Every structure is written in structure tokens, then in C-alpha cells.
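Below: the structure, in C-alpha cells.
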Number of protein chains: 2
Amino acid sequence: MSGAPRNPADDDSAGRSIWTRPQRGARGPAPTRSRDEIVAAAVALADADGLSAVSMRAVAGALGMAAGSLYRHLSSRDDLLDLMVDRCVGELRPYPADGGSWQDQFLLLARRQLALYRRHRWLPDAIARRTVPGPNTLAHFDACLRLLQPVRAGVAAKFEAIAMVTGVVSLFARSAAAAGTVTFDHVDLAAYPHLAAAFAEPPSAPPAGDLFERTLRSLLTGLLAADPA
Amino acid sequence: MSGAPRNPADDDSAGRSIWTRPQRGARGPAPTRSRDEIVAAAVALADADGLSAVSMRAVAGALGMAAGSLYRHLSSRDDLLDLMVDRCVGELRPYPADGGSWQDQFLLLARRQLALYRRHRWLPDAIARRTVPGPNTLAHFDACLRLLQPVRAGVAAKFEAIAMVTGVVSLFARSAAAAGTVTFDHVDLAAYPHLAAAFAEPPSAPPAGDLFERTLRSLLTGLLAADPA
DNA sequence: TGTAAACTGCAAACAGCGTTCGCGGTTTTG
DNA sequence: CAAAACCGCGAACGCTGTTTGCAGTTTACA
């Protein structure tokens, strides 16, 4: 009976998520690598070669340990991705606190988010996975709500707006990364007259001005400022 | 030499992509299943159980064939996903042709796109992969450019706008699918006062009016209407 | 203080994945 | 009629996330 060895990392009884789980047990030998070291190594791998390079074996190998040993610290690869996301979201701190209208402040935060997504190009994809919010993600949400305090709108509308802004920021991050990537080369455009005409035109410069700012401002006013509530 | 058997599906010499490749060879026996049947089976699997359910073995199994046999028709799983995307994008036809301002028409198309993304919830993810545009995708682009013809803006700006609208549509599709999914349950909100206050408030109704329409309209005017070019 | 429980790390294994390869049988071409 | 091209198959390869039994180490409790 009870021959099954128990793994504290799998302990669902006291908090199912990675955020409520002790980083190490209280009884055994000290782990050779901390949770932070593991997450840092995984982030480094993702920064270098993308999310797909973050395999359990690769992360373990980068730390000089066996793949299975990671499961003493995490209960799944998803846990690792959640930790990676939250670690990077932490780079948004400290949050803007004073100066300017709420729109200006929100825009500043969005800019920092854009820079973050460009620093870690895998982040949007990792966030797109339905993820359990960690402390830094919660803090970010909290900061957003604080900035939106002067706005007269319902909570649901504010959440919608935050999600939408985050989404648009990741769209910008993606489009910048793939600006010239979408290739229509080697395609017969005969059947697509407007597409053909567009390419026949001399290549126009990308839209002038700060597209990012204009887009987000119009989005925010559209979502919140004109809200009838 | 030349003992290596050649696979016409891999023929990179005459068109590297799936779009320029003959559906079947001209010499051997007739394939038991057509390319359309394969793609249809894959779409059915994705509709039922998500993109991850579309494994070569599963698709082959659904058609009563061996996994390796699929490589007579496709050169990779990515090819299959490209075909799936283009097949579904084809459901957008016919494109709006008359009636209303360009904004109204564009919005109508966006609505159809939203419905499409909800019919096939895996589509945004499949499109997010950098994909080689197929005929239906090209036709969709062409239709967008046609609708934007009255707009005085550069080609680059128009492409940006199309990409952004497509992205926002997929954001809406995703947020609708995960409306109540984001759970802050079992989280100690003590450290996040604004988040706690937001949840203490009586749950406000989701933002009134047509959020989709308002968002896209403000996005379009922000991106295109006010363009100095 | 001694013993039992808890914890760590490892090597090996499992099932599933995308993909490749060689084979026998079928169809078309010259 | 022979040769080339093509189809489908089953077995394999290397990779993935994850599980499991084992040996060694540390802590807690009687």
C-alpha cells in the first residue's frame, strides 16, 4: 500500500497552481538549482531560438540536469511557460504613477508593453495560451485599473479595454517583426486586380506619424470615453 | 545512383509551395482520397477538438489510411494547415460588393470574418503561423483593397489597416470564446487593491452597444481616415 | 539519538508526434 | 512489352512531454 512515491510539485491538495506551491520541500536536500534559475534559463532559450526551443530536455540540459528532474520543481511544461510569462511581465515595473492624463499614462504603459514584446518575441504566443495569472500579471492588471480610475465606465468595459489594448500591442509587436515577411512573390496576381495594382504602384512609405499612438488613442476613446454608462 | 525514390509532392523544382503543386501525378494509380477529402477531414477534426487534434495519424486514421501515405499529397503538416486555412477563408465568399460607405462594407466583411473565426475557433491560431497565402486568402486581400479604393491613403497604410482589422477581429473572437474563462478565483487579492475593488463592485453589465462596431470604426478612422497622405 | 518520513536527482522507459524509407502493386508512357 | 512514375503501406528514426523506481540526503519526531 501507499507505495506510490509522492511528488510535492504535484500536490493539488494545497493549491493547485504553480503560484501557491512551495518552491522547495522542507525536508530533503537543497535543490541544486532554484526555480528562478530554471525560469531564467528557459527565458534565455526562448529569447534566443523561440518558444519551440524551450523543451524540457533543452532547459534541463542548459542547467546541467536531467529532464525528469525538472518535475521536482514544476508539474508540467505549461507551468514553466506560466512562470516565464510572469517573470517577463515583471519587467514592466515600476508602473507609471504620475503626470499626464489617464490616456497619456496608459499610452506610456502600452509603449513599455510593446518594448517588452519586442524584447521577448515569444511572449505574445505564450500569453495567448490561456494562462493562470501570476503575481506580476495581477500587479499589471491592478496598475491598469488604477490608471483607469478617473474613467467613468463599468468594470467589465475596463477589462475589455485592457484586454483589447494588450491584444493590439501584441499585434503591433508581431507586425513589426514581420514587416517585410509577408511575401507575394512567385504568385500569379493576374486573378487579383486590386492586389496587382497595389504592387504596381511605387512602394509608398509606411504610414506617417506615430501609428501606434494614433491607433491606441482612437481605440481607447472608442472603448471607454464614449461609454454611455 | 539515383536510387532515391522521388516524391512529386516534394518537387521543389516546379513551385515550392503547395499552391503550385499538382494534386496528383499523371502516371500512377488514382489516389484513393483526394486532396479536398484530406483537408475536409482535417478541418472536421480541428472543429471538433482543436488544432492539436489534427495530427497526421489522426487525419490519416479518419480517412482509413496510413500516416505516411499523407506525404504523397502534402510535403508537411504545415502544408496541411495552409490548405485548411485557405479552405475556410473561402467561406467568406462572396464578398460585399455594393451598398453603403466603404466603412459600412468593410465592417460587414469584418463581421463575416468574426463569424468565421467563431465557426472555426482554431483559425486565428492557424493564421498566426506565418502562412503562405492561398488563392482564397489572396482573393480576400483583393476584396479588402477593392473596398478601400475610395480611401486616400498609401498602399502600405492600407495593408497595415487590413492586418490590424484582421487582428482585432481575432481578438474579439478569442475574447468571446473566453469571456468568463479568465478566473481570479482562489487568488489572494489583498496585494492588489484596485483589482479587489473591481471585484467588490456589483458585476456591471458588459459594455453596452455594439462594441465590435465601435472599436472597428474608431480603428479604421484612426488608421486611414486621418491619414495625411 | 535513532528511525521513519520526506525530499532530490537520475536513468530508463512510455506513448505520441512529424517525417523518412524501402517495398510491392498499379497505371501510364515510349 | 519494358521502363518509368506513382500510390499506399508498415516499420523505423529522432524528437517531444511525462512517469516511475531507485539511491542518496536531509529533516522531524519519538
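These numbers were taken from a predicted model, which means no experiment stands behind them. Here is how names work: the chains are called A, B, and so on, in the same order as the sequence lines, proteins then strands, and each is numbered from 1.
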Check whether the side chains of A:Arg93 and A:Asn136 place a donor and an acceptor atom closer than 3.5 Å, and report yes or no.
yes

Looking only at side-chain N and O atoms, does B:Arg21 offer a donor or acceptor that is under 3.5 Å from a partner on B:Ser75?
yes

Just to be sure I understand the rule, does A:Val59 reach a base, reach only the sugar-phosphate, or reach nothing, if contact means heavy atoms closer than 4.0 Å?
nothing

When rounded to whole Å, the CZ to P distance for the pair B:Arg77 and C:dT19 reads 8 Å

For A:Met56 and C:dC14, what is the distance between atoms CE and P respectively, to the nearest whole Å?
20 Å

Nearest whole angstrom, please: distance from the P of C:dC17 to the CG of B:Leu45.
11 Å

Rounded to whole angstrom units, what separation is found between the CG atom of A:Leu70 and the P atom of C:dG9?
10 Å

Would you mind checking if A:Arg119 and A:Glu91 are paired as a salt bridge, meaning a charged N to carboxylate O distance below 4.0 Å?
yes

Check every atom of D:dG21, D:dG8, C:dT19 against the side chain of B:Ser76 and return the nucleotide holding the closest atom.
C:dT19

At less than 4.0 Å, is any side-chain N or O atom of B:Ser69 found next to OP1 or OP2 of D:dC9? Yes or no.
yes

With a 3.5 Å cut-off and just heavy-atom distances, do the side chain of A:Arg57 and the base of D:dG17 make a donor-acceptor pair?
yes

Name the closest nucleotide to the B:Ala66 side chain, picking from D:dG17, C:dG18, D:dG10.
D:dG10

Got a salt bridge between B:Asp47 and B:Arg121, using NZ or NE/NH1/NH2 to carboxylate O under 4.0 Å?
no

Return the value, rounded to whole Å, for the distance between atom CE of A:Met65 and atom P of C:dT8.
10 Å

Nearest whole Å is fine: how far is C:dT8 P from A:Arg35 CZ?
11 Å

Is the distance from OP1 or OP2 of D:dG8 to the nearest side-chain N or O of B:Thr32 less than 4.0 Å?
yes

Measure the acute angle between the ring planes of A:Phe159 and A:Phe141, then classify it against the limits of 30° and 60° as parallel, tilted or perpendicular.
tilted

Considering non-hydrogen atoms only, spot the tightest contact between A:Ala42 and A:Val54 and give its length.
O-CG2, 3.6 Å

If you compare every side-chain N and O of B:His73 against the phosphate oxygens of D:dC7 (OP1, OP2), does one of them come in below 4.0 Å?
no

Classify the side chain of A:Arg72 and the base of C:dG9 as holding, or not holding, a donor-acceptor pair under 3.5 Å.
yes

Expected output: side-chain B:Glu201 to main-chain B:Ala198 donor-acceptor under 3.5 Å
no

Check the distance between D:dC6's P and B:Arg21's CZ and give it to me in whole angstrom.
13 Å

Using atom CG of B:Asp79 as one end and atom P of C:dT19 as the other, report the distance to the nearest whole Å.
9 Å

Base-contact (B) and sugar-phosphate-only (S) positions in nucleotides 23-30 of chain D, heavy-atom cut-off under 4.0 Å, - elsewhere:
--BBBS--

Mapping B:Ala53 and A:Gln23 onto DNA chain C by nearest heavy atom, which one lands closer to the 5' end?
A:Gln23

